[in-house]
Protein chains: 2
Amino acid sequence: MLDDSDKPKSQARERFDVIYLALRERICLLDYPPGMRLGEEELAQEFGVSRTPLRRVLSRLETEGLLESRQGVGTFVTSFDMEGLRATYRLRLELASLIGRLDPLPVAPESLERIRALIARLDRGPRPDRREMARLFLDFYQESLALIGNPPLREITERLYFLTHRIYLTLMPQMDAAAEVEIFRREMAETLSAMEIGDIEAVGLIRRTHISLCLRRMELAPIPEQP
Amino acid sequence: MLDDSDKPKSQARERFDVIYLALRERICLLDYPPGMRLGEEELAQEFGVSRTPLRRVLSRLETEGLLESRQGVGTFVTSFDMEGLRATYRLRLELASLIGRLDPLPVAPESLERIRALIARLDRGPRPDRREMARLFLDFYQESLALIGNPPLREITERLYFLTHRIYLTLMPQMDAAAEVEIFRREMAETLSAMEIGDIEAVGLIRRTHISLCLRRMELAPIPEQP
DNA sequence: TCTAGTCATGTTGTATACATCTTGGCGGAG
DNA sequence: CTCCGCCAAGATGTATACAACATGACTAGA
């Protein structure tokens with residue numbers, strides 16, 4: 001999705017990508033939490049464009065399930081009930097085991113370095129707050145996506161991550177924060193080991209395991225979400 | 001995708017769906033073949049709306065990979081090179097085996113009737129032309145989709161079908177027409193048998209097999225497509 | 001004749017004004 | 001006091017005019 005290929009993009013498409021990526025990141029980092037209303041006019045002013053191109057971005061985010069527009073009311077960040085969350089997680093789980101089977105890409109040395117840096121960021125700093133955790137998750141999964149050589153699989157995996165991982169983040173405060181940090185640290189370390197020996201299949205299986213365990217922990221979390 | 005749930009849709013969304021489904025079907029049936037240019041003004045007039053809501057539909061079809069807009073040039077129906085086709089088919093193949101594992105839905109009796117009617121349509125009539133075949137494929141796969149209880153999996157499976165099956169149709173004239181018809185007939189009959197005993201897992205595996213064989217036959221077809 | 005430059009033409013992209021819809025508050029009748 | 005209905009305000013959806021852009025034909029020069 002949003003191929004970062006080197007061919008020149010038109011200026012219009014460039015603008016679209018900037019706004020799209022910015023809004024998607026804000027939703028993913030919970031700067032725009034589920035249920036929040038977004039004002040089209042306000043956003044258009046912020047990015048220095050009219051409502052027309054901005055609405056194009058919002059429309060796409062809506063088809064991806066991140067937003068929901070209701071005429072006369074507003075545009076809102078979506079949430080998930082546990083049933084929808086479970087369905088999506090079960091699919092993500094199956095897709096994870098495919099990344100090693102469908103055209104895996106070779107591991108880039110810089111990718112290993114970046115993951116080591118992420119682990120160091122987690123170890124050195126004090127206890128990270130939720131937003132810092134969200135940022136770390138995002139940066140880490142970017143490296144995972146880089147291993148997927150099958151274009152539609154990469155696009156779908158990315159989309160489902162942005163769709164559901166933010167819900168996990170909203171449930172984090174009701175979970176054992178220190179434990180979650182430690183689990184994430186272990187996932188990064190395990191993934192790094194697998195990548196170092198070039199075993200992409202193992203990377204997929206590690207991720208599959210953690211997606212499954214993550215879903216289980218969410219199901220045990222006390223408060224359900226209202227759609 | 002485009003949930004046919006019974007809750008009332010706003011008038012705007014209703015219009016969007018009508019136009020979206022109409023254009024997607026035309027692309028899928030090769031009424032709009034790969035490479036064809038679509039005029040926004042012309043389409044807007046046909047559907048009795050202005051360019052604004054029409055462009056919303058075109059924008060979505062573009063993110064789904066069915067269209068490609070270039071400023072100052074036009075909006076074109078996309079094609080695929082063999083590499084992209086192979087990647088997408090390999091993913092479709094893996095997804096097919098999931099439909100029996102992820103929340104399969106019970107078989108509706110009317111669905112069995114409709115499939116029997118499709119087989120009868122193929123047996124009674126004369127040798128069907130390509131467009132009639134495209135219509136039969138579409139109607140048949142609609143019944144397959146109805147078995148997928150996992151919403152994101154159903155949406156993705158549907159989207160990838162509309163994205164690539166039309167390419168198979170463009171290659172059909174260079175293949176053994178009678179053989180292709182017979183293969184399709186057998187797939188429908190096999191699927192019907194599996195559905196009659198409620199074995200959705202088998203439905204998925206049958207489909208997986210035929211997707212794999214279909215890709216192989218396409219790879220052997222003489223003329224490659226230009227992107 | 002060939003070639004390079006110019007511009008007219010038609011397309012998609014953008015800005016803006018207006019239409020349509022939902023919601024919440026206000027006010028009067030019971 | 002309660003409840004029903006109306007209306008005003010603000011949101012998204014739509015229509016239209018204009019800008020930006022790519023293409024091909026045409027022309028002038030070598």
Side-chain angles (χ1 to χ4, degrees), chain A residues 2 7-23 26-27 32-79 226-227, chain B residues 2 7-23 26-27 32-79 226-227:
Chain A
L2 285 189
K7 58 186 168 188
K9 287 179 284 191
S10 82
Q11 192 175 356
R13 196 174 179 85
E14 190 87 28
R15 266 203 281 264
F16 178 94
D17 290 352
V18 168
I19 301 175
Y20 170 78
L21 292 173
L23 293 183
R26 291 177 191 180
I27 294 171
Y32 296 161
M36 179 175 175
R37 191 181 74 78
L38 304 183
E40 294 186 353
E41 189 63 49
E42 187 185 356
L43 284 174
Q45 282 188 2
E46 176 190 340
F47 289 102
V49 295
S50 76
R51 280 181 57 212
T52 308
L54 179 84
R55 279 173 58 77
R56 207 173 153 125
V57 174
L58 296 183
S59 172
R60 169 143 171 200
L61 291 169
E62 184 176 7
T63 70
E64 292 178 352
L66 293 171
L67 295 180
E68 182 179 355
S69 289
R70 274 178 291 172
Q71 181 172 0
V73 185
T75 304
F76 300 89
V77 179
T78 57
S79 185
Q226 66 276 15
Chain B
L2 284 190
K7 57 187 168 187
K9 286 178 285 191
S10 82
Q11 192 174 356
R13 193 174 181 84
E14 190 88 27
R15 265 203 280 266
F16 178 94
D17 290 352
V18 168
I19 301 175
Y20 169 78
L21 292 173
L23 293 184
R26 291 178 192 179
I27 294 171
Y32 295 161
M36 178 175 176
R37 191 181 74 78
L38 303 182
E40 295 186 351
E41 190 63 49
E42 187 184 356
L43 285 173
Q45 281 187 3
E46 176 191 339
F47 289 102
V49 296
S50 77
R51 281 181 57 212
T52 308
L54 179 85
R55 279 173 58 76
R56 207 174 154 125
V57 174
L58 296 183
S59 173
R60 169 145 171 198
L61 291 169
E62 184 176 6
T63 69
E64 291 178 354
L66 293 171
L67 295 180
E68 183 179 354
S69 289
R70 274 177 292 171
Q71 182 172 1
V73 184
T75 304
F76 301 89
V77 180
T78 56
S79 185
Q226 66 277 17

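Throughout, a chain's letter reflects where its sequence line sits, starting with A, and its residues are numbered from 1.
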Listed partners of R15(A) passing salt bridge (Lys or Arg N to Asp or Glu O under 4.0 Å), at least two apart: none

message: Under a 3.5 Å distance rule, please check whether T78(B) uses its side chain to pair with a backbone N or O of G65(B) as donor and acceptor.
response: yes

query: DNA chain C: G72(A) or G72(B), which has the more 5' nearest nucleotide?
result: G72(B)

message: Does anything in residues 44-54 of chain A come within less than 4.0 Å of DNA chain D? Heavy atoms only, and list the residues if so.
response: R51(A)

query: What are the two closest heavy atoms between R51(B) and A44(B), and how far apart are they?
result: N-CB, 4.1 Å

query: Quick one: is Q11(A) getting a side-chain N or O under 4.0 Å of the dA20(D) phosphate, OP1 or OP2?
result: no

message: Restricting to non-hydrogen atoms, name the atom on A12(B) and the atom on Q71(A) that form the minimum distance, rounded to 0.1 Å.
response: CB-OE1, 4.2 Å

- prompt: Between atom CG in L67(A) and atom C1' in dT12(D), what is the gap in whole Å?
  reply: 13 Å

R13(B)/E68(A) ion pair, N-O < 4.0 Å: no

- prompt: Hey, does R56(B) reach any base, or is it just sugar-phosphate, or nothing, if we go heavy atoms under 4.0 Å?
  reply: sugar-phosphate

message: Check the phosphate of dG13(D) against S10(B), side-chain N and O only, distance under 4.0 Å to OP1 or OP2. Yes or no?
response: no

message: Applying a 4.0 Å non-hydrogen cut-off, can you work out what L38(A) is touching in the nucleic acid: base, sugar-phosphate, or nothing?
response: sugar-phosphate

message: Going 5' to 3' along DNA chain C, which are the first and last nucleotides with any atom under 4.0 Å from a heavy atom of chain B?
response: dG10(C) to dC21(C)

task: Please examine the side chains of R56(B) and F16(B), heavy atoms only from C-beta on, and report whether any two atoms are closer than 4.5 Å.
output: yes

query: Heavy-atom distance under 4.5 Å between the side chains of F76(B) and M36(B), does that happen here?
result: no

field: d(CD, E41(A); C1', dG13(D)) in whole Å
entry: 14 Å

- line: Minimal heavy-atom distance between E40(B) and L54(B), with the atoms involved, is O-CD2, 3.2 Å

query: Is any side-chain nitrogen or oxygen of R15(B) closer than 4.0 Å to OP1 or OP2 of dT14(D)?
result: yes

